[in-house]
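Encoded as structure tokens, the structure appears first; notes follow it.
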Amino acid sequence: MRPGFGVPGDDARVNDLRTIASNELVFADDLQCQVERLVLLRRIAGGINASEQQALYRKHTRRAGGKKKGRGNRQLEYEEWRLFASLEHLLASTRASLGHELVAKIGREPGDAIWLWSLGRLGARIPLYGPPHSVVAAEVAGEWLKALLDLSTFTAVTASAIALIARCTDDRSRDIDDAIREQAISRLMVLGIAEETIQPLSKYVSPERADAVRSFGESLPPGLQVVSSSNCLLSVPALRSSGPTLSKPA
């Protein structure tokens, strides 16, 4: 099923699976069941349409709000954030609000890989599958990038988040300010980050499989090929005219 779209029949399969996953868990108090349902939803997020993504987001934010009175489970919180960051059909304003929360979390825990990965997905200039109008405004993403560059703790995941947010596109309205991007390039060079990671920050480079894997957060199934377009990382118009997808090699 990963990433939830790509071959004929995925729409029906994702809809059936989403319907099952929306039911109450039989073992509702079992933490592992709760976590694995979130993982499942994240993996098929690309096949969930905009209205269903909005409903999914509202459902889980209500649950998260109910847990604020007590101390929630960290693993469950992580998977909720990874799911939210993967819902690329959410409004740009909603994704911006989520990103602001993550910047505050990163300020307190600058080395936390989940917060950093999630912010990178939310601020990415080239989405994995979502539409351009859901991309967070360049000015907002630029502020997040400055916050990342000011961190005292710097990890490989920090560099990955910076690469997603500072990447050049072929659409100037989505590109962040040149001065901030130059700062990002300089910081990555000083830290010895690989040239192939830095190059897409200085000029538009067509996305490749490695970019999709970085955005997806885990390896894709063997046999799937990334077909890039100017607006997203995964696209095969012949299979789905209204959205991106994957193709299998002949």
Side-chain angles (χ1 to χ4, degrees), residues 45 50 53-54 57-58 61 81-110 112-155 157-191 193 197-207 211-212 214-215 217 228-233 244:
Q53 284 197 9
Q54 292 280 357
Y57 169 70
R58 289 193 297 270
T61 49
W81 275 100
R82 293 183 76 190
L83 171 61
F84 293 161
S86 300
L87 299 178
E88 294 188 354
H89 286 302
L90 294 181
L91 296 175
S93 57
T94 300
R95 291 166 61 79
S97 178
L98 289 169
H100 291 322
E101 287 189 54
L102 282 171
V103 169
K105 288 178 178 290
I106 291 169
R108 295 188 293 269
E109 300 176 86
D112 192 293
I114 302 301
W115 305 149
L116 291 164
W117 179 87
S118 299
L119 185 67
R121 277 296 300 271
L122 288 168
R125 300 297 84 203
I126 303 178
L128 181 64
Y129 63 86
H133 65 259
S134 289
V135 173
V136 171
E139 294 78 12
V140 172
E143 291 300 317
W144 298 351
L145 185 57
K146 286 192 287 186
L148 292 178
L149 294 173
D150 288 339
L151 293 175
S152 56
T153 301
F154 204 92
T155 68
V157 186
T158 315
S160 179
I162 287 173
L164 288 171
I165 297 172
R167 184 174 188 143
C168 287
T169 73
D170 58 354
D171 176 5
R172 287 295 299 169
S173 68
R174 281 185 282 152
D175 287 344
I176 63 168
D177 181 75
D178 289 339
I180 304 174
R181 187 167 61 248
E182 288 298 326
Q183 292 177 32
I185 292 171
S186 297
R187 181 73 184 274
L188 296 181
M189 290 179 65
V190 168
L191 292 166
I193 302 301
T197 299
I198 299 176
Q199 187 181 31
L201 277 65
S202 58
K203 65 178 181 179
Y204 174 68
V205 177
S206 181
D211 300 303
R214 181 186 297 114
S215 294
S228 63
S229 76
S230 60
N231 288 331
C232 59
L233 293 178

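Atoms considered below: every heavy atom in the structure, side chains included; atoms not considered: hydrogens, waters and symmetry mates. The shown structure was predicted, so the numbers you read here are calculated from the model rather than taken from an experiment.
- Contact check for Asp112 versus Ile114: side-chain heavy atoms found under the 4.5 Å cut-off.
- No side-chain heavy atom of Leu148 sits under 4.5 Å from any side-chain heavy atom of Val103.
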Handout entry: Test side-chain contact (heavy atoms from CB on, under 4.5 Å) applied to Glu143 and Ile180, step by step
Key = CA-CA 9 Å; Glu143 291 300 317; Ile180 304 174; 5.7 Å; no

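- Two residues are said to be in side-chain contact when any heavy atoms from C-beta on lie closer than 4.5 Å; Asp177 and Glu139 fail this criterion.
- Put simply, the side chain of His89 reaches to within 4.5 Å of the side chain of Tyr129, judged on heavy atoms.
- Contact of the Tyr204 side chain with the Asp171 side chain is not registered, since no non-hydrogen atoms from C-beta on lie closer than 4.5 Å.
- Side-chain atoms of Leu90 and Ser134, non-hydrogen and from C-beta on, never get closer than 4.5 Å to each other.
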Exercise for the section: Would you sort out whether Leu98 and Trp81 count as a side-chain contact (heavy atoms from CB on, under 4.5 Å), showing the intermediate values? Expected result: CA-CA 9 Å; Leu98 289 169; Trp81 275 100; 3.8 Å; yes

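- Asp175 pairs by the side-chain contact (heavy atoms from CB on, under 4.5 Å) definition with Thr169, Arg172, Arg181, not counting sequence neighbours.
- Residues Arg125 and Ile176 are in side-chain contact: their nearest non-hydrogen atoms beyond the backbone lie under 4.5 Å apart.
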Practice task
Starting from the C-alpha separation in whole Å, work towards a yes-or-no answer on side-chain contact (heavy atoms from CB on, under 4.5 Å) for Ser202 and Ile185.
Solution key: CA-CA 8 Å; Ser202 58; Ile185 292 171; 4.0 Å; yes

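- Between Trp144 and Leu122, some side-chain heavy-atom pair lies under the 4.5 Å cut-off.
- When all heavy atoms of Pro127 and Glu88 are compared, the closest pair comes out as CB-OE1, 3.2 Å.
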